[in-house]
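Every chain is numbered from 1, with letters handed out A, B, ... down the list of sequences. All values below come from the heavy atoms of this structure, side chains included, with hydrogens, waters and symmetry mates left out.
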Amino acid sequence: MTAAPRPAASLPLGGVDLSCRFGPLTLPHPVMTASGCFAYGQKFAPFMDLRQLAGLSTKGISPRPRPGNPLPRICETAAGMLNSIGLENVGAEAFLSEKLPFLADLGVSVWVNFFGEDADEYVQCARMLDAGHQRGIDVLEMNISCPNIKKGGIEFGTVPEVAHALTKRCVEATRIPIVVKLSPNAADLPAMAQAVADAGAMGVSLINTITGMAIDVRTRRPRLATTYGGLSGAAIKPIALRMIHQVHRAVPELPICGMGGVGSGEDALELLMAGASCVQVGTANFARPGGALEIRDELRALMAELGIARVAEVIGCVEPLPPEPAWAPAPPDAEASR
Amino acid sequence: MTAAPRPAASLPLGGVDLSCRFGPLTLPHPVMTASGCFAYGQKFAPFMDLRQLAGLSTKGISPRPRPGNPLPRICETAAGMLNSIGLENVGAEAFLSEKLPFLADLGVSVWVNFFGEDADEYVQCARMLDAGHQRGIDVLEMNISCPNIKKGGIEFGTVPEVAHALTKRCVEATRIPIVVKLSPNAADLPAMAQAVADAGAMGVSLINTITGMAIDVRTRRPRLATTYGGLSGAAIKPIALRMIHQVHRAVPELPICGMGGVGSGEDALELLMAGASCVQVGTANFARPGGALEIRDELRALMAELGIARVAEVIGCVEPLPPEPAWAPAPPDAEASR
Amino acid sequence: MATSPSQFRARVVDNRPLHGGYFVLTLQGPMAPRPLDGVIPGQFVMLRGDWGRDLINPRAFSVLDASDDGRFSVLLKAYGRGTTRLCHAPEDEMLTVTGPLGRGTFDAPTVDGPTQLLVAGGVGLPPLHLQARRAAAAGLASRVELLYGGRDADDLVLLSDLDAWGIAVHLATEDGSRGDRGFVTVPLSRRIERAQARGEAVCILSCGPTPMLRAVRALGLAQGVPTALCLEEEMACGFGVCLGCAVPVYGPKPYAYCCTDGPVFDAREVRWS
Amino acid sequence: MATSPSQFRARVVDNRPLHGGYFVLTLQGPMAPRPLDGVIPGQFVMLRGDWGRDLINPRAFSVLDASDDGRFSVLLKAYGRGTTRLCHAPEDEMLTVTGPLGRGTFDAPTVDGPTQLLVAGGVGLPPLHLQARRAAAAGLASRVELLYGGRDADDLVLLSDLDAWGIAVHLATEDGSRGDRGFVTVPLSRRIERAQARGEAVCILSCGPTPMLRAVRALGLAQGVPTALCLEEEMACGFGVCLGCAVPVYGPKPYAYCCTDGPVFDAREVRWS
Ligand SMILES: Cc1cc2nc3c(=O)[nH]c(=O)nc-3n(C[C@H](O)[C@H](O)[C@H](O)COP(=O)(O)OP(=O)(O)OC[C@H]3O[C@@H](n4cnc5c(N)ncnc54)[C@H](O)[C@@H]3O)c2cc1C
Ligand SMILES: Cc1cc2nc3c(=O)[nH]c(=O)nc-3n(C[C@H](O)[C@H](O)[C@H](O)COP(=O)(O)OP(=O)(O)OC[C@H]3O[C@@H](n4cnc5c(N)ncnc54)[C@H](O)[C@@H]3O)c2cc1C
Ligand SMILES: Cc1cc2nc3c(=O)[nH]c(=O)nc-3n(C[C@H](O)[C@H](O)[C@H](O)COP(=O)(O)O)c2cc1C
Ligand SMILES: Cc1cc2nc3c(=O)[nH]c(=O)nc-3n(C[C@H](O)[C@H](O)[C@H](O)COP(=O)(O)O)c2cc1C
Ligand code: FES
Ligand code: FES
């Protein structure tokens, strides 16, 4: 316990300004909800005032509707869960006509998560969703990291050159800014981030779920029909923090939307300090449908307690611990102190 | 919940044969203890009968002694912990003279975990430890995956060609069989496993800790002096299972020593079913210094309950769930059933 | 359909052990509004204690009863980690509750409708118990009958309620210690045969372990008896957003959702082998 | 040094709230052998409840006292998740205990040795409290004095014990509500000055929050008073195998281990800035 607590005068709640920027976007606070964990928003209306969110990311959209994977699709693990939903969604067309109007009306930042089964489908999807430009869609969050579809997915997410080419084509296909959601299964995240930044991405989202597995020893079967699924929740927060920090250090000017195990205001602040410009709440929405706004309130209270007036102050602010005094066989002033 | 429990007559405890094989080795049961979580064994003597272990893996040994990293070196996370011990160890020479005799006397399988700061040091270490051939060392567990040293480490663990070359040199440097401990941070585990198998490794150990981070929001400092550390414990079990399963499917003849979050007999059985030939208990030793033998007993009881007579029966036995009946707009016998 | 769901805190006011490892957990929810007013048999709640960072998702439990003093109860049995904790929840512990959830529910019995055969097993009793309670309260006790199966006599709980409501009960136990020896399908097929012999219209409403539901479904389909199944799928959210609780179905789309389309489904619709 | 450590189960027989958020948790361990027989001030135990898969490692607590009926106690305050749970551990809860741990401990006072100034803060009281208890039991109450600092009067606990044992006590509180206003170093420097003025040999034994220990160390080194510090480092195992609890030191090796070399260290040896 060598780090002395940083002395800081606490602030009144009102002294905290939660507003923040994500590239060109201005957000009222840094707490959004994550793709696949918030459906298309509507179903949370009984539980929270959706207009108070900073923004939300929709379930991943593909050019055509998809039915999703066989069941079982989810299973709980230690401090986390696995899912293999299979990117079930209504398809771009139905999204634009049936879901977007509701979202556009909310006045929050709407990020449409999207993907395709191959590169052409990605581009096609970006082109289709371009119809939402200035009609409610603020960001296209390009998911190159889903472990749950057969073709594409993983490969786009692990090879920088492939990701670069794909991003470039999608950026050219739409007027809406693109944020690329990177795969935590990639060996070199900074290279991936640089590659998509060079291709014109406005920012990156990280992390998506990490590929995992669970087995029912009684039936000798995997607990998910697809054998593998994506691990999310508190268990992965340390990995998310590391990846956000690595990318922020390597490509400091690239805004990062951080996610992975955020379940409290303190978790959110950790991600911001690692280098995220805003955060998304995923799995925690299931247990606490109003959780994202509670997390915003906790963040405000914690910032007040710690004397942090503005979000921008702390983005990526974490610094190495001071070095220990140099080792020597005897204390420097061994004689003096006797 | 579609998988019906597999019917199996339960067995008396005595009807369970826990003995198993790891390549040429015969083990009395599949539960060993993991490197870095069991020191050099002695300190567990007050808590358990060490002779009852299947085997143990020592703290990672380098050619010269190492002092380890500055503090803080550990921190707890959700269902897991981060460590950055820095591969502190007594060095190969002191290990052979001071630690090995005690271990050799135990009559259990002694795996000496080792590493170097560069390729030459790896080879040097393997050569030095070769003095333990038929004097107590059964396996050299080559750690190419430690996130906590500056040079080498990670790179050896993520590039198949580099791992192949390193393994080959070490295999040639010693008469003791080599098991390579792979890095979970590699993007393509099966390729890594194949590469080291081709180079003459007797088997692989997986997984080592996954690189992670935690931040103290009050001090704005990382919770570990080295910023990043290795995540272990229950939180990572789903990732361990996936990697073990992937490698076992890709290189079925290669024995796998599995580890990552084993804390119960059921966990151990899960890893065996995913494809491990034996398991190592790591982090769980800290809370339960006698835990490895309790886990062995739980495994025996669970196998008896499930009617599993021999360990070999279940290694890699997990099979996909049966497919759902094909979808159709109407039930196949819609009329008949009315 | 009951009111739209909300999330609220509720206090454990009673956690009564029955025999066979079952517990009736009674919770005190808010009074105004009472979130579970008008709850329908088959609807459920998601429950979670202040369990920290493990056991991250809430657990689903059918509502056993809800009264107008804001109290409601569920029937529990220890299955895994979550239910084990709930079985040991002490008085005054606070739980987080989401509900009422579930849109597809059991139809109420009617004077001239088919006799409803309520087929229950294990922790599948609650929706049928509530169905019976409501039937009795509506003076329709004779329009429902409970067929109830368990491993042994100990595995059959809350039977005195059914007696008190004057509802016919047919029992089956695997070890024959009470009622028919065998599965609940034994009295069920006998009852269906009797109905068919005398031209009585019957339908099946069933809830219980999946193997039981499969057998009930097969029987219902084979005999041409309209069958409604209350399913249990693994759930993360309970309100239609995680898409984890997919139920394979025949119909315009290959999957329906247990939490929002169900938990009650027409047996013909369910795509089971 | 006490007997070699073991792991055992112990039952909560009392969890007594004091003021200021402190609790004295008393546990009943096995009787034969009694694992904590002969425990030495500074030794500690690792405690963990049946907490499931989260909070995976046990927590370290100095032994406050151990009696020959197999009971022993620790002083607690809620700090994070683990200590919060322990503060709420109900009677009869079973905990897993490993101990006694720690080799480096406080030297016992002697008739002709230096006066031991026991400098305590917060939850650092137990080793010094036990040291004082043992001194009194050995008829050496006059050879030890307690210097005890806290935020306010509420933050100073178990003082009546010291009174009963006839041990001199010097208090300090940050808000001045009891004893000197300021840190415990205020009465400590006065006491050292007094000793130096009259040629009295004194030594410091200290345990408390790290910032306090840093100040005590600085003072001890500056005044040339032999100073023993009982340190708290984050621990996973408590018995020398995880190597997590490194303490930077001067000496043949750059690190010593809090759990096996300590927790008590010579202030000169500790490599702190
Ligand atoms: C609509 C509905 C109503 C239910 N009503 C009742 C009831 O009245 N009484 C009762 O005792 N049980 C009921 N169940 C089952 C109950 O939800 C599970 O037994 C419980 O979730 C198991 O949790 P666990 O932590 O004990 O088990 P674990 O195996 O540790 O749980 C791990 C995960 O699997 C899920 N899970 C495991 N088994 C089931 C299952 N059979 N159904 C759904 N999810 C499961 C859990 O929710 C959790 O997310 C109901 C389930 C559903 C879907
Ligand atoms: C030798 C020794 C004796 C101690 N004696 C006492 C005592 O008598 N009474 C008392 O209340 N506390 C004592 N502590 C401190 C106590 O162990 C920590 O406050 C406790 O571990 C915090 O756990 P938590 O879950 O509440 O905090 P969290 O912050 O949630 O814990 C997270 C992790 O950090 C570790 N940790 C956090 N703070 C400390 C710390 N200060 N020291 C060591 N580990 C820490 C925990 O063990 C855990 O692994 C002692 C510590 C040591 C090393
Ligand atoms: C059930 C479920 C479905 C998800 N679906 C998507 C998706 O469609 N597209 C996507 O980019 N991420 C998806 N994710 C990943 C989350 O958006 C998020 O990146 C991840 O869960 C980590 O955050 P968390 O730990 O807060 O959940 C999904 C996650 C879960 C749990
Ligand atoms: C404190 C600590 C130190 C470790 N040191 C080593 C090491 O020296 N060499 C090595 O190969 N693995 C080391 N490991 C990794 C473990 O051997 C094991 O692979 C990993 O912890 C996963 O298993 P677990 O979840 O059971 O702990 C260490 C792990 C921990 C927690
Ligand atoms: S449980 Fe989440 S969609 Fe049904
Ligand atoms: S706590 Fe593990 S070595 Fe000290």
Among [options], which has the most heavy-atom pairs under 4.5 Å with chain A?
options	result
B:M243, B:R223, B:Q246	B:Q246
B:G212, B:P238, B:A235, B:A78	B:P238
B:A79, B:A240, B:P323, B:G80	B:A79

For side chain to side chain contact (heavy atoms under 4.5 Å, CB included), just list the numbers for A:I215 and B:M273, CA-CA rounded to whole Å, side-chain angles, deciding distance to a tenth of an Å, and then say yes or no. CA-CA 8 Å; A:I215 295 173; B:M273 287 185 171; 4.2 Å; yes
Inter-residue atom distance [X].[atom1] - [Y].[atom2], 0.5 Å rounding:
X	Y	atom1	atom2	value
A:D188	B:N185	CG	CG	11.5 Å
A:K237	B:M213	NZ	CE	11.5 Å
B:L71	A:L321	CG	CG	9.0 Å
B:L82	A:L241	CG	CG	9.0 Å

With side chain to side chain contact (heavy atoms under 4.5 Å, CB included) as the test, would you mind laying out the steps for A:E319 and B:R221 before giving the verdict? CA-CA 5 Å; A:E319 269 176 36; B:R221 306 283 194 180; 4.0 Å; yes
Are there residues of residues 261-272 of chain A that reach to under 4.5 Å of chain B by heavy atoms, and which ones? A:E266, A:L269, A:E270
Kindly give the heavy-atom pair with the smallest separation between A:V217 and B:L306, and that separation in Å. O-CD1, 3.6 Å
Bottom line for B:L231: the part with an atom under 4.5 Å from chain A's heavy atoms is side chain
Worked verdict on A:T227 versus B:R249 for side chain to side chain contact (heavy atoms under 4.5 Å, CB included): CA-CA 12 Å; A:T227 302; B:R249 290 292 133 132; over 6 Å; no
Toward chain B, the part of A:L224 with a non-hydrogen atom under 4.5 Å: backbone
Intermediate values then yes/no, side chain to side chain contact (heavy atoms under 4.5 Å, CB included), A:T211 and B:I239: CA-CA 6 Å; A:T211 312; B:I239 303 174; over 6 Å; no
